[in-house]
Structures are given as C-alpha cells and as structure tokens.
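Below is one structure; the comments refer to it alone.
As the structure is a prediction and not an experimental result, all values here were calculated from the model. Index from 1, following the sequence. Both backbone and side-chain heavy atoms feed into the values below; hydrogens, waters and symmetry mates do not.
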Amino acid sequence: MNFAPRVFPLLTFLIVSPFLFLQAQTDKLHDVAEQLRAIDTGGKRNPSGDIPPAVQKLLPQFKAGLREIIERTLNEHSSSSPETLHKLILADLKKSGIEAQNPVQRDGYYTADGDDFGNLYDVTVRQPARHPDLMAVVTNLTIPCGSDASFNLYRRNGTAWQLILVEESNGYKDISGGQGSFQFAVSAPDAEGNWYVVAADVNPWCSSNWQQLRYKVLRPGEDANHPAVLLDEHTSIYLGTDLPYRLTLNPQGFELHIVAAQGLDDSIVTREHVRNYEVTGNRVTRIPPLALAPEDFLDEWVALKWEAAAAWASSADTTKLQQWHDRLNRESREKIDTEFDFVQPCKASDKTAKWQIGLQLEGSGEHDLPGDVPAELFFTITKHDSAFYVERVDRERPPGCPGNALPRGAREALP
C-alpha cells in the first residue's frame, strides 16, 4: 500500500502551520494597536488624565503581544549581539504595524502621536554587565503626556531565552500609573551567584515639574510576573532640569541622585538628594551619605521620621533634638517658615568636620511665630566617616565658630 499521498499534505501542514501561527500573532497585535489608536484621548495637547476602561483592558494585551514577538525574535537569533537584536526586533515589530518613533519624535515632549495610545517610542536591548546569560529588553509605549515602560528580563536556557522577570504597570486608572522616565540596573552576582534588579520610574502627568520618583529592588520570584520585592519606595522629584535623577550601582548596593526640593529654604528651590542603599541578602538598608552638604543633610534629617533621624544625632541630649526635629518635620510642621542665614565651617580635628548653621524662623502666611519659638535656631553639624550628624541645637549661637558663610544655594543640574 502506498502512503506517500498522505505524507505530502502532512508535511505541508507542518511547514505552513508555524507561519500561520506567527501571522496570527502579528494580526492580533496590529488589531490591538489599532483599537488603542482609535480611542479618543480628549483632544491633542489637552488630554485627560483618566484612562478609559477600554484602554485599561487593551494595554496589557498590547504589552503581552509585543513581548511575544520580542521573545520569538530573541530565540530565532539567540546568539546575536544586543545591537543586532535591537534592529531585528524593530524590524519584526514593523512587520506587525508597530513602528518605533524616530529620535526627533522621541526627544519632543509632545509628538504627532504623543497624546495617543497604541504607539511605540522605542525598544532598548541591553546585556547587563557580568551577566552573559541575561538579556534585558525595555519597551516604551506612548500614553498622553508621557510614556509607559515595560521591563523584561530573559535568561539563556541552553540555546533559548526564557523570560524570568517582568516589571510593568497594568490596570491603572489615570496616566500617573504609567512607568515614565524609566531606568534600571542589574547588580553583579555575589559570591553565591545571587543578584538583583533596581527599577526606577517617574509618574507621567500633563502639568507641573513636581512629580514622584518610584523605585524598587527586585529578584526573580515564583514566576516572571511575580518577582520578589525587596524594597518599594517613592520620593518627590523636580523635572525642570536636564537630568532629574541618576541611578548607579556600587560595590555595596546602589544609589540614586535626585533633584528635588530644599524644604528648609524655599528660596533655594532645589537641591541634589542622595539615596544610598546597601543590599545584603534580601535586606536593603539606607546608608550614608544622606546628603552632600551640611545644609542639605539638615533638611534631610528633619524630613525623616524620628526613629530614623535619631541614628544621625550625636548629642547626649536627644530630647531637645527630638523636640526641634518634630516641630520642623514636614509632616507635622507648625505654621513656621524657615530660611538659612548662614552655613559656617568651623575648625575641627583631622577626622571630623564641623559646621554651624543659622536657621531663621518666622510665622507662615498670616500666622505669627509661636511664642515659644525663637527667631533663629543654631544647629551644630559634624561629619566623620562620610556621615553627617546633628550634634546640638541652640537658641543662642555657640561661641568658637565665627563667620557667616552663605549656603551653596540652588544646585546645578546633575552632570
């Protein structure tokens, strides 16, 4: 009996079916993109901050569709360099009707499609240093007044790339839920081969340069969509500068340099904030330096909860320090405005630097200064082993440190 006539149709099916599957993936992604692009965002250059219910449903599908094509491209060209993979991914997405915007479009705050959903700013492909078995791919989508990034981390398993960690935001009801101005870093492996990811983003919004910087420390979890979260924090940020924040790794952990408010002196407006963290196992701890200048440290110190601020008080009279800390703390501050009078360096030992800071106080708005609050407080700040401390606070200026040097004033934009 001759079975050849049956073999040919079977082989044809086996050859054609992968093509049909890939075509179905492409068509599905293009359809989702077209549905997103058709949704009214409230008018060009004046979009609403609300996310329509249809977008809330479609955006996760759009991100998943992009991920499917990206993973397929990675595995079809598993030995290619990140630069080559970037080009191949963009080419494959273009075949699906998803074309990344050019640099001129991306650099503008608003673009021709900047108020719409369903478009792609760019794809970033990067192999983390000291991780030949990892590949990071970030997609940036357009949303009104900003962008929304998805971080996808793949590990090589034999000749295939397997998705092991996803950091993205879905189901948000207004545009602040998107992951804008996204940065990431992957630590070097420790002695046991363990490593972590730091992911940072700024919430998109249509007005104001004052927004929130959000950052997390992650490890791979039970599956790609549920990473282990070691740290999840946020802080304010000022966007009216060339480089509002910078994320870097160091041998102990990582640090963030952030342009944000100088809370004790509104005339200075902004300063460079420092968030420095040590990562040991699954424990993430903030470590010094807390600031780069003594007046910045004092501003940071009064912003901390007392439980944390107490660690940076070197005086035996912590009761007095806590009293003034609590009265100047931003969350509990009375109707008091403050301004730096001077930041005077003092003579100190070789291992310890010292400053006196004069902080002027006055009533806020129509409120008079409380009767038990002086017109000026004098803080003594010391620094040793790279850490600042509050040594004392006085109503009268202590002797031994003459001069009235001015504070550094507004910081330059980060280099």
Side-chain angles (χ1 to χ4, degrees), residues 176 203 205 207-213 233-241 244 258-275 290-315 317-344 355-381 388-398 401 403-411:
S176 67
N203 68 279
W205 201 247
S207 61
S208 180
N209 280 320
W210 297 98
Q211 300 299 337
Q212 289 285 310
L213 173 71
E233 293 189 352
H234 62 85
T235 187
S236 64
I237 187 171
Y238 177 69
L239 302 178
T241 184
I258 310 154
V259 178
Q262 167 52 271
L264 285 177
D265 193 332
D266 290 342
S267 68
I268 294 178
V269 185
T270 65
R271 67 176 176 87
E272 185 177 344
H273 292 239
V274 179
R275 297 289 180 99
L290 271 63
L292 302 179
E295 65 269 33
D296 295 350
F297 165 74
L298 183 59
D299 182 43
E300 191 75 20
W301 185 77
V302 300
L304 296 171
K305 294 184 182 299
W306 174 250
E307 291 75 12
W312 312 107
S314 61
S315 171
D317 188 1
T318 55
T319 301
K320 182 191 291 187
L321 290 184
Q322 183 177 4
Q323 172 194 357
W324 287 112
H325 169 275
D326 292 350
R327 297 191 78 166
L328 295 173
N329 183 269
R330 294 172 193 169
E331 294 184 1
S332 59
R333 184 183 299 182
E334 303 170 51
K335 303 298 183 181
I336 299 174
D337 288 336
T338 57
E339 184 176 339
F340 292 120
D341 182 16
F342 60 85
V343 180
Q344 178 61 44
W355 296 262
Q356 279 186 5
I357 297 179
L359 186 68
Q360 296 179 337
L361 301 93
E362 61 181 21
S364 177
E366 299 178 354
H367 298 273
D368 294 330
L369 193 65
D372 62 338
V373 176
E376 189 162 8
L377 286 171
F378 301 92
F379 289 86
T380 301
I381 307 296
F388 288 101
Y389 296 87
V390 180
E391 183 176 282
R392 57 188 290 177
V393 57
D394 298 278
R395 290 171 174 262
E396 301 292 335
R397 184 172 183 178
C401 188
N404 294 282
L406 296 175
R408 297 185 185 183
R411 303 263 176 217

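Taking the side chain as every heavy atom from C-beta outward, Leu361 and Leu369 approach each other to under 4.5 Å. Two residues are said to be in side-chain contact when any heavy atoms from C-beta on lie closer than 4.5 Å; Leu239 and Gln211 meet this criterion. A heavy-atom distance below 4.5 Å is found between the side chains of Phe340 and Ile357. Ile336 has its side chain within reach of Val373: a pair of non-hydrogen atoms, C-beta onward, lies under 4.5 Å apart. Side-chain atoms of Leu359 and Leu328, non-hydrogen and from C-beta on, do get closer than 4.5 Å to each other. For the pair Arg275 and Ile258, the minimum side-chain heavy-atom distance is below 4.5 Å. Leu321 is listed as a side-chain neighbour of Trp301, based on a closest heavy-atom distance under 4.5 Å.
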The test is salt bridge (charged side-chain N to carboxylate O under 4.0 Å, His left out); show your working for Asp299 and Arg271 and say whether it passes. CA-CA 10 Å; Asp299 182 43; Arg271 67 176 176 87; 2.8 Å; yes
Could you walk me through whether Val390 and Trp312 pass the side chain to side chain contact (heavy atoms under 4.5 Å, CB included) check? CA-CA 6 Å; Val390 180; Trp312 312 107; over 6 Å; no
Report the C-alpha distance between Glu295 and Phe379 in whole Å, list the side-chain angles of each, state the deciding distance to 0.1 Å, and finish with yes or no for side chain to side chain contact (heavy atoms under 4.5 Å, CB included). CA-CA 10 Å; Glu295 65 269 33; Phe379 289 86; over 6 Å; no
Before giving the answer on side chain to side chain contact (heavy atoms under 4.5 Å, CB included), spell out for Arg397 and Gln344 the whole-Å C-alpha distance, their side-chain angles and the decisive distance to 0.1 Å. CA-CA 12 Å; Arg397 184 172 183 178; Gln344 178 61 44; 3.9 Å; yes
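Distance check, rounded to the nearest 0.5 Å: CG of Asp265 to CD of Glu339 gives 4.5 Å. The NE2 atom of His325 sits 12.5 Å away from the OG1 atom of Thr318 when rounded to the nearest 0.5 Å. The CZ atom of Arg395 sits 5.0 Å away from atom CH2 of Trp324, with the distance rounded to the nearest 0.5 Å.
For the pair Glu376 and Gly358, the tightest heavy-atom approach, listed with the atom from each and the gap, is OE2-CA, 3.5 Å. Scanning all heavy atoms of the two residues, the minimum distance from Leu377 to Val393 falls at CD2-CG2, 4.2 Å. Closest heavy-atom contact between Glu300 and Leu290: CG-O, 3.8 Å. Residues Ser236 and Ala260 share a closest heavy-atom pair of O-CB, 3.5 Å. When all heavy atoms are compared, the tightest approach of Leu304 to Asn329 is O-ND2, 3.1 Å. Closest approach of Ala261 and His273 over heavy atoms only: O-NE2, 2.8 Å.
Of the possible donor and acceptor atoms, one in the side chain of Gln356 sits under 3.5 Å from a partner among the backbone N and O of Pro398. Counting only distance, with no hydrogens or angles, the side chain of Asn209 and the backbone of Tyr238 share no donor-acceptor pair below 3.5 Å. Checked by atom type and distance alone, the side chain of Asp394 never pairs as donor or acceptor with a backbone atom of Glu396 at under 3.5 Å. A distance-only check finds a donor-acceptor pair linking the side chain of Thr338 to the backbone of Leu264 [under 3.5 Å].
With respect to the salt-bridge test (charged N to carboxylate O, under 4.0 angstrom), the residues Asp372 and Arg327 qualify.
Residues satisfying the ring-ring contact (aromatic ring centres under 6.0 Å, His included) test with Phe378, not counting sequence neighbours, are none. The ring-ring contact (aromatic ring centres under 6.0 Å, His included) search around Phe388 returns Phe297, Trp355, not counting sequence neighbours.
Gln262 and Asp296 form a side-chain donor-acceptor contact under 3.5 Å, judged by distance and modelled atom types alone. If you check the side chains of Asn203 and Gln212, you find no donor sitting under 3.5 Å from an acceptor.
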